[in-house]
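Treat the numbers as computed from the prediction; the structure is a model and nothing was measured.
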Amino acid sequence: MRILQLHSNYIRYKPIEKEIKTAEQAKKIERRINEVVVLFTAVEEGDDNAVAAQAIEEVRDFLMKLKVNKILIYPYAHLSSHLAKPAAALKLVKAMEKYAKNNGLETYRAPFGWNKQFTISVKGHPLAEQARTISSREKEKEEKISEALKAEEKIKSEWYILRTDGNIVQVGDFDFRHYENLEKLAKYEISKERVSQQMPPHIMLMKKLELADYEPGSDPGNLRWYPKGRLVKSLIEQFVTKIMQEYGAMEVETPVMYDFNHPSLSDYLDRFPARQYIIKSEDKDLFLRFAACFGQFLLIRDAQFSYRQLPLRIYELTRYSFRREKSGEIAGLRRQRAFTMPDCHALCSNLEQVKKEFAIRLELCMKVLEGFELKKEDYELAIRFSKDFYNENLEFIISLVKRFGKPVLIEMFKEKAFYWVLKWEFNFVDNQDKASALSTDQIDVENAVRYSITYIDENGEKQHPLILHCSPSGGVERCIYALLEKAYKEQKMGEVPILPLWLSPTQVRIIPVSDKFSRDAERITKSISKNSIRADFDDRPLTMQKKIREAETEWINYVIVIGQKEINSINLPVRDRLTGKIRKMKLQELIDEILRKTKDKPFSPLPLPQRLSQRPQFHG
RNA sequence: GCCUCGGUAGCUCAGCUGGCUAGAGCAACAGCCUUGUAAGCUGUAGGUCGCGGGUUCGAAUCCCGCCCGGGGCUCCA
């Protein structure tokens, strides 16, 4: 339905002649209505009573603002090229009239099916002229999705702590004394208790360190990445991808958008509680992916494989995955609407194979987080499953907890309610005691059937595999969030905030005592950089003290001051951020130390000019 | 999305019981200084006070709507 809405001083109209056979009865006399909101209305194909009601609701909200209570519904076909049949249109126009009257509006209606002559005087204020489109199709979609969301809310679950000795206790009976973060996670998940009032520290840091920032020109939750942030993000992406390749996953790339009306996809949408970005194309409604599942399932469905190739592992780094989270949920690097997520699926023949594969992947996920220097003390494990699955697979679940080595939060559902039977995630607890999931893995028992994914078993029969869904690191942005929050936490405890050396945008900064030594500083910078180390030098006309201060606020790992003494000596005074002390080292010793500490980690060159004087400032 | 707080120079903020030409620090730019491990000195420039409307003789200041951000609800990688 399309409505052109005009706040008018008056309108005069007069039916001239019938345009269609089914036109209403009407007298050919002029009618004048003053101080009225005129609704030129075109009823479109597919409109129903719900649309009529919604149209009036929207109009009524608007009338309240204008402090007007009088409307004229004026059938006007010319607003649309997809008009409904006249009979249906007349019915809806009448429905609108009735609905409006029932809502206390003084309602007039011009006759339907007539060629009318009219004169209108529209008010001049900015809100006087409005066009609106009310569509039933969109509304249905929204409702469909929100039903999937609501379904999740209704599901009942119970909470436990599963100890490494295999004993399970009610959350209330667990002694949290040595498990503060686990307690925070449990509170966060169960009682939804919130304490924080302040801005999350990582948001301040992401700006100050010139990593990333909000982009007001986009939708909320879509970030801009500055060179240093892009570098950090890219290194994490490379690192995770490398570990996935070593694990034996085949990297693929799939589209970011999919047809809303594809049968398998629309069915899956209903089972996944997330809101989508919707894109209208010429002849299709498309949605932006919220994970790599669609692309990989469609890809693997068309592939041919047998039990001999299982477990089959495919991997994609989704840049981006989109989830149109409610605006109030979006926060800095903790949650976006567009985020980068490594997504790895493994197809397995049976539950026995799943269990083996699951153990391997748990190990991998821990390895990935360890690569970011997030230790086991920094995150907590939560496992979710149905009661039946628990009773049938007790040993398996306990083996996961034993491997993790710390008590684990358990959410137990009375019955199976999702497409998965078990999932776990590592949760990071931040400075506001909020928990966010990082790595995760789950056992999917539905989607192979839904997407017709089959393999050939030993007997030559087609079988549906079980599918594991894993994000080995969780969202890449969120990993950076965890690193920044952790650094802040350490700073509060009197330690130095720092990034892992391999992720540090500048690993070594050279500072000449005066511009006389600029050339030497450059020479040393270059000889360090040759070794796949990110080094730069500060050639700006500032005092040395100031340059050192800035190097510290940039969290640079090693700072070296170059003056006459250094030119004359083979030893360099290396200021080590971790200790704050100056260590006398030969250049080669420093290079060796950095290469040793960043061994097995990806490297990318400095993302900015080596001379600081040549750099723009991205954030004040 | 709802509730709530906020948006003033590139950044952090002051001014906001309506009334002089809207201020400060940092950053930028120009100059001086040529430096030994966390902020050298002087000067210059920089503002549709988030956007639109209203009230008023007069609006950064009061009112309404919208946009963006923080917190809460809710939700997830």
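- Of the candidate nucleotides B:A77, B:U74, B:G69, B:G69 has the atom nearest to the side chain of A:Y214.
- With a 3.5 Å ceiling on both atom-pair distances, the Watson-Crick or G-U wobble partner of B:C62 is B:G54.
- With sequence neighbours left out, the ring-ring contact (aromatic ring centres under 6.0 Å, His included) criterion links A:Y258 to A:F294.
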Can you give each donor-acceptor pair under 3.5 Å made by side-chain atoms of residues 511-520 of chain A, sequence neighbours left out, with the distance rounded to 0.1 Å?
residue: A:S514; atom: OG; partner: A:K516; partner atom: N; Å: 3.3
residue: A:D520; atom: OD1; partner: A:R523; partner atom: NH2; Å: 3.2

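- The same atom, P, is picked in B:U61 and in B:U56; the two are 16 Å apart, to the nearest Å.
- Between the side chain of A:E566 and the base of B:G36 there is at least one donor-acceptor pair of N/O atoms closer than 3.5 Å.
- No contact: A:E215 has no heavy atom under 4.0 Å from any strand.
- For the P atoms, the distance linking B:C62 with B:G6 amounts to 10 Å, nearest Å.
- Put simply, CZ on A:F339 is 5 Å from C1' on B:A77, counting in whole angstrom units.
- Of the candidate nucleotides B:A38, B:U37, B:A77, B:A38 has the atom lying nearest to any side-chain atom of A:E552.
- Comparing the C1' positions of B:A9 and B:C13 gives an interatomic distance of 11 Å, to the nearest angstrom.
- Mapped onto RNA chain B by nearest heavy atom, A:P216 and A:G474 fall at different nucleotides, with A:P216 at the one closer to the 5' end.
- A cation-pi arrangement is absent between A:K434 and A:Y481, since the terminal nitrogen or guanidinium carbon is not both under 6.0 Å from the aromatic centre and inside a 45° cone about the axis.
- Remark: P of B:A27 and NZ of A:K546 are 4 Å apart, rounded to the nearest angstrom.
- Following rounding to the nearest Å, A:L185 (CG) and B:A77 (P) show an atom-to-atom distance of 14 Å.
- A:G332 comes within 4.0 angstrom of sugar-phosphate atoms only, judged by non-hydrogen atoms across all strands, and of no base.
- Residue A:P200 places its side chain closer to B:G70 than to any other of B:A38, B:G70, B:C11.
- Across the protein-nucleic acid pair, A:K434 atom NZ and B:G72 atom P stand 3 Å apart, rounded to whole Å.
- Remark: B:U48 base-pairs with no nucleotide in the shown strands. Criterion, Watson-Crick or G-U wobble with two distances under 3.5 Å.
- Counting non-hydrogen atoms under 4.0 angstrom, A:K516 reaches the backbone sugars and phosphates but no base.
- The side chain of A:T543 contributes an N or O atom lying less than 4.0 Å from OP1 or OP2 of B:G40.
- Rounded to whole Å, the separation between the C1' atoms of B:G50 and B:A59 comes to 16 Å.
- Residue A:Q564 is in base contact, counting any heavy-atom pair closer than 4.0 Å across all strands shown.
- Between A:E495 and A:K486, no side-chain nitrogen of the basic residue sits less than 4.0 Å from a carboxylate oxygen of the acidic one, so the salt-bridge criterion is not met.
- Both distances falling under 3.5 Å, in either a Watson-Crick or a G-U wobble arrangement, occur for no nucleotide opposite B:U37.
- Atom CD of A:Q245 has more than 12 neighbouring heavy atoms from other residues, nucleotides or ligands inside a 6.0 Å radius.
- Between A:E329 atom CD and B:C3 atom P the separation is 16 Å, expressed in whole Å.
- Taking the six-membered ring for Trp and the full ring otherwise, A:F413 and A:F418 have centroids separated by under 6.0 Å.
- Going from the C1' atom of B:C63 to that of B:G46 covers 32 Å, rounded to whole Å.
- Residues meeting the side chain to side chain donor-acceptor pair (under 3.5 Å) test with A:K547, sequence neighbours left out: none.
- Residue A:K547 is classed as having no contact, given no heavy-atom separation below 4.0 Å to the nucleic acid.
- If you check distances only, the side chain of A:Y188 does reach the base of B:C75 with a donor-acceptor pair under 3.5 Å.
- Using P as the reference atom, B:C41 and B:G1 are 48 Å apart when rounded to the nearest Å.
- For B:C26 and B:A22, the P atoms lie 22 Å apart once the distance is rounded to whole Å.
- Between the side chains of A:T318 and A:D343, no donor-acceptor pair of N or O atoms lies under 3.5 Å.
- Closest to the side chain of A:R575, out of B:U74, B:U34, B:A38, is B:A38.
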What nitrogen or oxygen pairs link the protein and nucleotides 45-47 of chain B at under 3.5 Å?
none

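- Take the nearest nucleotide of RNA chain B for A:R549 and for A:L438: the residue whose nucleotide is more 5' is A:R549.
- Listed candidates were B:U37, B:U35, B:A77. Nearest to the side chain of A:S514 is B:U35.
- Side chain A:R335 to base B:C75: a donor-acceptor pair is found below 3.5 Å.
- Judged purely by distance below 3.5 Å, without hydrogens or angles, the side chains of A:Q336 and A:Y320 never pair a donor atom with an acceptor atom.
- Taking the P atoms as reference points, B:G18 lies 15 Å from B:G58, given to the whole Å.
- In this entry the distance linking CD1 of A:I480 with C1' of B:A77 reads 14 Å, nearest Å.
- Qualifying side chain to side chain donor-acceptor pair (under 3.5 Å) partners for A:Y214, counting only residues two or more places apart in sequence or in other chains: none.
- Heavy-atom contacts from other residues, nucleotides or ligands closer than 6.0 Å to CD of A:E251 number more than 12.
- For A:R334 and B:A77, a side-chain-to-base donor-acceptor distance below 3.5 Å is absent, hydrogens and geometry of angles not being considered.
- Note on A:A435: a base of the nucleic acid sits closer than 4.0 angstrom, heavy atoms only.
- Taking atom CG on A:D538 and atom P on B:A38, their separation rounds to 15 Å, with Å as the unit.
- Base pairing annotation: B:A14 forms no Watson-Crick or G-U wobble pair, as no partner gives both donor-acceptor distances under 3.5 Å.
- Nucleic acid contact for A:K581: none, since no nucleic acid atom lies under 4.0 Å from a heavy atom of the residue.
- When the C1' atom of B:U37 is taken as reference, atom CD1 of A:I556 falls 14 Å away, rounded to whole Å.
- In the set B:G69, B:U35, B:C76, B:C76 carries the atom at the smallest distance from any side-chain atom of A:R323.
- Note on A:P573: a base of the nucleic acid sits closer than 4.0 angstrom, heavy atoms only.
- Checking B:U35, B:A77, B:A38 against every side-chain atom of A:Q336, the shortest atom distance belongs to B:A77.
- Pair assignment for B:C29: B:G43, on the basis of Watson-Crick or G-U wobble contacts that are both within less than 3.5 Å.
- Contact annotation for A:I511: no contact, since no heavy-atom pair falls under 4.0 Å across all strands.
- In this structure, the ring-ring contact (aromatic ring centres under 6.0 Å, His included) partners of A:H345, at least two apart in sequence or on a different chain, are A:F297, A:H469.
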